[in-house]
Structures are given as structure tokens and as C-alpha cells.
Amino acid sequence: MELSKNYSPAEIENKWYEHWLQKGYFKSEPDSREPFTIVIPPPNVTGVLHMGHTLNETVQDILVRKARMSGYNACWVPGSDHASIATEAKVVGMLKEKGIDKNNLSREEFLKYAFEWKEKYGDIIYSQLKKLGCSVDWDRTTFTMDDHYYKAVIKVFVDLYNKGLVYRGARMIHWDPVAKTALSDEEVEYKEITGKLYYIKYKIVNSELSAVSKETPDLAETTHNSPLTTDYIVIATQRPETIMGDTAVCANPGDERYNKLLGKYVLVPLINKKVPIIFDEYVDKDFGTGILKITPAHDINDYNIGLKHNLSIVDTLNDDGTLSEAAQIYVGEDRFVARKKIVEELKQKGLLIKEEEYQTRLGFSQRTNSVAEPKISTQWFVRMKALADPALKAVTDGEIKIHPGEKFLATYKYWLENVKDWCISRQLWWGQQIPAWYDEDGRFVVAENEGEAKKIFNTQYSTNNTQLKQDEDVLDTWFSSWLWPIEVFNGITEPDNKDINYYYPTSVLVTGQDIIFFWVARMIMAGMEYKKEKPFSDVYFTGMVRDKQGRKMSKQLGNSPDLLDLIDKYGADAVRFGIMISSPAGNDLLFDEASLEQGRNFNNKIWNALKLVKLWEGRKSESNLSEGAEAMILSQMTMNIDLGVMPVVPIGLLSEDNFATQWFENRLNEVTIEIESLYKQFRLSEALKIIYSLIWDDFCSWYLEWIKPGFEQPIDENVYNKTVYFFEQLMQLLHPFMPFITEEIYHLLKEQTDDLTVKQFEKPEKPGHTILEQGNILKEVITAIRDVKNKNQVKPKEKIRLHIQTEHKHNYTSIEDILSKQVNAESISYTHHPIENSLSILVGKDKFFIETDQVIDTGVQKEQLEKDLEYLKGFLNSVEKKLSNERFVQNAKAEVIELERKKKADAETRIKIIEESLSTI
RNA sequence: GGGAGCAUAGCUCAGUUGGUUUAGAGCAUCUGCCUUACAAGCAGAGGGUCCGCGGUUCGAACCCGUGUGCUCCCA
């Protein structure tokens, strides 16, 4: 078969994904094996995969594929999240484009559109997962609004309500004026912005009047025409549009500037509403003018002060962020427009003293990016304390391990220890409708359905056939996602079914650190509450994917690449490689297309190694060993066991080239063991680096060159078979990271009876130290000789005669062939004295003399030797200093001292050899 | 304001209980090569005050203190 010049991933990737699906390799059913379970963090149903997802899904696929190839019953559950706010916003936007206003639709009509939208776009995300090669069990695909899932959410809500853990009440919450819904505290992101502080005059009402008119209801009216003192106080505020909601002004009781005003009143500018001056320790004397306006309806701190001082609450904002009737002025204007107009009016009336820029933090809605408004509102809440305690314990006891632990444990702990009640109602239609039913008087009951609700209602309120109306609101998306690891296996709706009993708790959760509170902590709470057991054993946090300048990826910056474009350009394997190669757990990843290019080049390197091996396939020669020689080698092998050299497990017969095959076999075992340990520590990026280097350097650059036959020469059949076997092993090691090319190569190497995706890893043998060490010496000698040739401008093509001066000749006899091939030597001989007119180098304690037909420039050589000498002398000096330090010799461990002595002796020998060489030049 | 983490080569990062050399890798750079698998390549090389200062120790990239800078979380 003719193999193309370069590897082209496109058709190959599609072909294998289809094949794997058709074979059902990703399907999982409970059996006698140990399960390895991952539930995907469900992406938003109408979204697309961005680079953050790509990293996440790749990590999960690596873990799942590795488990599947290691004897586990691997189950990766895919799915998507209905994402109430985000999706509803998209559907509303889509309707708007069609000229349809959501307000003119009934709930049912709207939901019909929403489901249509979901049907149309919900699969995009799945097709991207396929492109990326994700080995998920498609038969288990779950959506958070599936019937059973919907029921589970309702069941949990009712259950928590009955346990007293869900309640309804008026609290200060964050309001999103664009989405027109309440938000949880977690859905508000604080951003540093440059705001303005406006210094506004509040007139002080004269004391006589204030004393008598304190209880006057129509205060604003009466004060208009009242005699006023010329005194005023100045209040700094960043929100002048809320002054109409002021119900007091407040200073610190210890502030001498203001405490004489005790019992007095001021007039709120523009509307001349009379409000009292109150005092509270909360006020910071040094901030602004030291006196604050108190607007309990629109600030959490003001709200608390209001409660304490029994102030009334005047809500001056509508749900859409415009000013309400209560504001009296600028009614219907947007809050920011109103701010400008009010500032202008204050200016005109001489009530604005000054404006000052200042840094402040503002809360923004995570979903709509609008400025969130603190607002008093009646909503549904989850009482968190009781749920938080077991969730905290599961992590602090080490039952659930977080990776990287040191970084996130403290964050997790802090949040759970200080957790506030969770606002779970949203004023939306897309989501699970809250199962509370009300009568006309606002009396309500909570039940799983209307029939049930009526029964309970009638009993509870001793009435009959009352008309009940269900709560209009839906539940927070996260109130459904926190059940994910349970309900994907129907663990809420059908407790104790065989799936939930087998797959739960899941093995690993892989997710972004940004949703540690939204999702991870709450899943642990739900798990502890409903399964009395952790939902997963390990949590692996990936970092955020940024661009190479370290900026967040965003649509505005246009620095967020399209996944499918990248796959088209480089192939899915290369994308997976590129994103994994530099992403240590928990650290942000600076995404650079250059690393995808590196991945593509790696593909190509593997492809070319395949081409080389296939070139040899037709040129196999039978083993040139007689049966007698074979027996001899086998007996040597037995001896080698005693010497610590790993015997080769014969694939076919042994050959004369067996140093290379033995060395590589051991190297392969060494790396396989190393990889295993890295997997256990979730150090996937490092594991990939090691495999990359094993394939590129050890296999391609060294091993294949060592066994490469001369031009058009045949290759020993046994060496060939071994090489194919090694290649298969390498592909297996790499498969979890780069599934497509490895499967393709596996099948191109030879006729296979199975597929790599499900091929089980063999347990690696313990590698032999001696042969690995010998391999290192060989590599070092080759590199050193090439270097000296390079530095002395000896052309690689030029033949050399190599003379080795060593006390350990046996180290070299078995590798002579490889050595001469690699440094282009026409002869190798051993010597006891320096060779005239040659280049000499030192490796360890052995000297190598390189004879060429070329005239040698001794200057270059001398320079190099002197440099080496200088280094060694410096080194020797530092070792001697250590050894001559009495306290070191007294205190250090014996083996450390021994080592230093050996270093000293080695350095001295080497210095002697170099000085000898220098004297002969 | 409270808390956490980080600072090692031009860039991105390893560096295990303090001692295997005067600190490693990949990418980038430089030099030489179109050598029959691969120029998306091969063979080599150069490059570091381990953020500053102080301490503990026979010995510190590593432990402690402190300063500086960056990132994240929370209010």
C-alpha cells in the first residue's frame, strides 16, 4: 500500500469514530468489573464548545480511555444543561428577530418555541464532542429537562421543603434588570470600575418644624413652604438616582461634626422628602463626608441599618431597571439615564457641590452582564447550613480529593463555612416550574403535582375545591445540576436501581475552578443528602484557557478560536495534543496555536516512522542465527537476570541486533511504569510529554536509527517483528491522548484482530538498570563524537576511524555496530595510548580518538578542552570545600559523604586525563 | 479590607522527605545539513544572580521571616 507523504487526519478521524460507535465500545452496562465513571459537566444546550470545554473534555476522555484500556468498566455520561437564564435570553432574542414579543405569548407558547430551539441547536454540542473523539456512552445522554430529570428536581424541592430546608420569604436579593429575574449571590460578579462620587447638599430642616411635623403624613407637601435654615449637610453618593428612596441619613455617633444634629431632619433634594438624621457605628467617619444617605431598598448595608433603626423601605425601581412611581420624578426613565438627568438638575439647582472619580466594585449579572440591583423581593431559598456541614466534612476528611489540593481546599472550606442561603427562584419560564400552589389569598402549599397540592391544601386550610394557581417562577439551573451525578442514573426518581448502585459514586469530576461553588460544592451537598455518600472520589480542576498574552478568551476580543476550524486545520489529535501539552492541573493555560502545530508535527513524525517500518516489511530476512547461537543467547539471558539486565521476552527469535531491541524494551517498560504513576497523580500533561519524548527521541531518533539496515539491505525478521510490537505498544500508550492516529497506525502496522481502543494494557516488566545505563552511555558517546566532529567541521559524510581507550572494553563490544553506524566510523579499535593527529574527547573516564583524513585545527580542540578543564576544576573545588568542612563530615549522612568522595575522585581522574590530552596537542 | 496561590532560560513549565555534579524539559533562537521515513525534518550548540533582603542548617531553588510584583477567590 502506498502511504501518503504526510499524515492527513480528516477522513481517518471520521472513519474511526464511526467504527468505534458501530462496535459499541463506549457503551457501558453494569457487570462484574470495577466501574470507572465520569459524568460530563453538562454544557449549555444551545452553546458551542469553546477552548475551556475542549480542555475539559480532552482530560475526561484521556482518563476514561485509560481506564477502559486498564480493565475498568468505563462509563462516561454525556448530556447538556437547560441553562435557564442563558437559553431563555437566546430564545427571547430569536423571537424578537421574528417580531414576536415574549410578553404577548403564553407560557405554553413560549415553551413550545424554546423546545423547538433546543431541538434545532441542542445537537451542535454533541457533534463537536464526536469530532473531538470523546468516548461517551451516547445511549446515556441526559438533558436536565428530560421528563425523569424534571421529576427528580421537583421531588427534591418538595422533599427539602418538607424537611424545612426550602422556604419562601422576602429578602434582599440581587436582581437582574435585563433578564428580569432574581439571581443567587454566586451569579453576581464583582468588577473593579471607575465610578463617580457625587457630593450633594441635603438641607437641614429647622428644629421647631421638625419637632412638630414628625408624624405628619404628607410631610413632603408641608415642608415645601416651610421656613428653612440655611444650614445643609453634604452627602457623598455614587447613586444619585436612588436619593428618592432615602429614608434617613446616617453618621457615626462619635463624629463631632454631626452629633449635634441628633433629632434633626433633612430634606431629600429634588423631592423635598423629610427624613431623620440617625447615628450608627457602621458609618466610616473618613469616607466621603462622613455622613451617608440610607436607602434600604437598594443597598444591603442600608437595608441592615434600616432593619436596625426600623426605617421604612421605598423601592424606587421597576423590574426592568426604570424608575418606579415611588420615585416621584423621572418615572419610567432607565436608572442610568435618570442618574444623568438628576445630576444635571442638582447642578442647576446648586445642590451638587462636586463630582469625584473613585474606584469601586460593582456587581454584574453573570449571564446578562448588566449591573445587578440589590432589591427586596419575595423568593424561594434553600437553607444551606445543614447541607453544607456534611459537604465540608467529606472534603476535609479526605474522602473527596481535590487536585491540585493546596490551591482549592481553602477556598472550598471558606465558602462552606460562610455559606448564605441560596435564592433558587427565577422569574423565567424555561426551567422546572416551582411546585407551589396558591389560592387567591396567597396561601400556598408545596406538592409534586396539582392534585396532591389540592389535597394538602384542603386538609391544611380545612377548605374544599379551592382554585389553586401554580407559582409562575422556575428554579435556578444549578438547582437541577446539583443532582447530575445521581439523576443521570435515575438515582432520585428510581432509588436503588442497578445503574445508580453500580456507577455511584462516580470516579472523577473534571471541571473548571470557576464553578466550584455553583456546582461542585452543591453536588457534594446533594450527594450527601440524597445518597448519604460523596458523588465522586476525585475532583480535577482545570485552569482557565487564555490567549497567549494571558487575556481571557472573549467574543469582543475575537481571541476565542472556533474548535471545528482548529480541528479542520490540524486534526483532532493535534488539537488534543496542543491543549494538553502545557496544561498542568489548576493552572491557567495560555493557548497558542503553535502548540497545535507541534501536535500536527508529532502526528507527521509518527506517520513517517510508520512509513519507514512499512518500507522494511517487504525486506525481511530470516534470522541469521543458527540454532546453537540461539541457545547460547538464551543461556546468556538467564545469566543477565543475575546481572540485573532485563531478559527480553522473545517475540520471535533473537537476533544479533539485540542490544537495540533489548534496550528499547527496557526503556518502554521504564516509561510505562512512570506514566502509570503520573496518571495516579493526574499529571496528564507530564505523562504526554514523556510519551512524546519516548516516541520522538528514543524510538525514532535512536532506536529506529540503530536497527536501520543499510541502503536497500534486508532487515532481520525478528528485529522487524519486535519493532512492530514496540510500535504497537507506543501507540497504545499514546492512545488515550491521541486516539485517532494511534488506532490508524495500529491497524496499518499489521493485520489486527482487535481495536486499540479496547486493547488492554499489559503489566510492564521491571526494567533492567544495567542495559538502560549502557544505552545512556551509548547515546552520550554518539552525541559527544558528533559534537566534536561538528565543531571541527568534519562533514557527517566523512568516514572516521575511532579508537577507544577504556578499562571497560566489554561495555563497548556489544554496541560497536551501532556506534560505528551512528558516527560514520569505518573502523573501531581499542588502544592504551593516545592517537597522534586525532580529535580526542572524554566521556566518563573513557577517551575517544577520532582520526580523519582532514587536517585538524588543534586550536578549536584545545579551547574546548580548556573549557572542560576549567569547569571540572571549579567543580572539584566546590566538592573539596565541602569535604574539608569538618561539620559536614560530622553531620551529613554517610552515603552523602561517600558520594562526595566519589565525585572528588571522578573529577580528579577526569582532570588528569584532560591535562594529558592537552599536553599532547 | 480578608484569604489563597504564584515568581526558576526569550516564552511555557518540571524540579519528590533540603544533599546524584556549578539547576532540567519543550517551544523559540543560533550553527551545519535537502543523509533514501520525515525540511511539518536531521545533527549539534548557546542561553539561568532559581524575584530582592535577612534567617535556620555542615549544606537552601526547596524550610522560616520580610519586602516587591502578578493572579485568583470573598466582602
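Heavy-atom basis, side chains included; hydrogens, waters and symmetry copies ignored. Here is the naming used below: chain letters follow the sequence lines, and residue numbers restart at 1 for every chain. As the structure is a computational prediction, the values presented were derived from the model and not from experiment.
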By nearest heavy atom, map A/Gln598 and A/Lys903 onto RNA chain B; which one lands nearer the 5' end?
A/Lys903

Presence of salt bridge, A/Lys689 and A/Glu686, under 4.0 angstrom:
no

Say we look at B/rA9 and B/rG65: how far apart would their P atoms be, to the nearest angstrom?
25 Å

Interatomic distance, A/Ile897 CD1 vs B/rC58 P [rounded to whole Å]:
13 Å

Atom P, compared across B/rC42 and B/rA4: separation rounded to whole Å
48 Å

Check side chain to side chain donor-acceptor pair (under 3.5 Å) between A/Lys308 and all other residues, then give those that pass, not counting sequence neighbours.
A/Asp280

Passing candidate, side-chain contact (heavy atoms from CB on, under 4.5 Å) with A/Trp706, options A/Ile815, A/Ile782, A/Leu819, A/Val719:
A/Ile782

If you count every heavy atom of other residues, nucleotides or ligands that lies below 6.0 Å from A/Lys904 atom NZ, does the total exceed 12?
no

Quick one: A/Leu688 CG to B/rC27 C1', roughly how many Å, whole number?
14 Å

Tell me, please, which residues at least two apart from A/Asp185 pass salt bridge (Lys or Arg N to Asp or Glu O under 4.0 Å).
none

Phosphate OP1/OP2 of B/rG19: any A/Arg901 side-chain N/O under 4.0 Å:
no

What's A/Glu686 touching, base or sugar-phosphate or nothing? Going by heavy atoms closer than 4.0 Å.
sugar-phosphate

Would you kindly give the CD1-to-P distance between A/Ile581 and B/rC27, to the nearest whole Å?
9 Å

Rounding to a whole Å, what distance do you find between A/Lys873:NZ and B/rU21:C1'?
18 Å

Measure the acute angle between the ring planes of A/Tyr190 and A/His174, then classify it against the limits of 30° and 60° as parallel, tilted or perpendicular.
perpendicular

Is the shortest side-chain N to carboxylate O distance from A/Lys902 to A/Asp906 below 4.0 Å?
yes

When rounded to the nearest Å, what value does the distance between C1' atoms of B/rG44 and B/rU56 take?
44 Å

Considering only atom C1', compute the distance from B/rG55 to B/rG47 and round it to an integer number of Å.
32 Å

Work out how far the P atom of B/rU17 is from that of B/rC73, and round it to whole angstrom.
30 Å

Nearest-Å distance for atom pair CZ/P, residues A/Arg683 and B/rU12:
20 Å

Using atom C1' of each nucleotide, how far apart are B/rA7 and B/rU66 to the nearest Å?
16 Å

Is the distance from the ring center of A/Tyr720 to that of A/Trp616 below 6.0 Å?
no

With distance as the sole test, does A/Lys614 use its side chain to make a donor-acceptor pair with the main-chain N or O of A/Leu748 at under 3.5 Å?
yes

Rounded off to whole Å, could you give me the CG-to-P distance for the A/Leu869 and B/rU21 pair?
21 Å

Test: A/Asp698 and A/Lys779 ion pair at under 4.0 Å:
yes

Give me the stems containing RNA chain B, sorted by first residue, counting only three or more consecutive Watson-Crick or G-U pairs with both distances under 3.5 Å; say none if there aren't any.
B:1-7 with B:68-74, B:10-13 with B:24-27, B:29-33 with B:41-45, B:51-55 with B:63-67

Where do A/Tyr540 and A/Thr511 land on the side chain to side chain donor-acceptor pair (under 3.5 Å) test, with the steps shown first?
CA-CA 7 Å; A/Tyr540 176 105; A/Thr511 190; over 6 Å; no

Can you tell me how far C1' in B/rC30 sits from the matching atom in B/rG10, rounded to whole Å?
13 Å

Take nucleotides 35-45 of chain B nucleotide by nucleotide from the 5' end and write B, S or -, depending on whether a protein heavy atom sits under 4.0 Å from the base, only from the sugar-phosphate, or from neither.
-BBBSBSSSSS

Any chance you could list the contact pattern along nucleotides 69-75 of chain B? Use B for base contacts, S for sugar-phosphate-only contacts and - for none, protein heavy atoms under 4.0 Å, 5' to 3'.
---SSBB

What distance do A/Phe591 atom CZ and A/Met51 atom CE have between them, rounded to the nearest 0.5 Å?
3.5 Å

Distance between the P atoms of B/rC33 and B/rG52, in whole angstroms?
42 Å

Charged N to carboxylate O under 4.0 angstrom, A/Arg600 versus A/Glu593?
no

Tell me the interatomic distance from A/Gln681, atom CD, to B/rA14, atom P, rounded to whole angstroms.
13 Å

Would A/Glu908 and A/Lys903 pass as an ion pair if we require N to O under 4.0 Å?
no

Does A/Arg667 qualify as a cation-pi partner of A/Trp702, given the criterion of NZ or CZ under 6.0 Å from the six-membered ring centre and within 45 degrees of its axis?
no

Whole-Å distance separating the NZ atom of A/Lys413 from the C1' atom of B/rG5
17 Å

Please list, pair by pair, any protein nitrogen or oxygen found under 3.5 Å from a nitrogen or oxygen in nucleotides 59-63 of chain B.
none

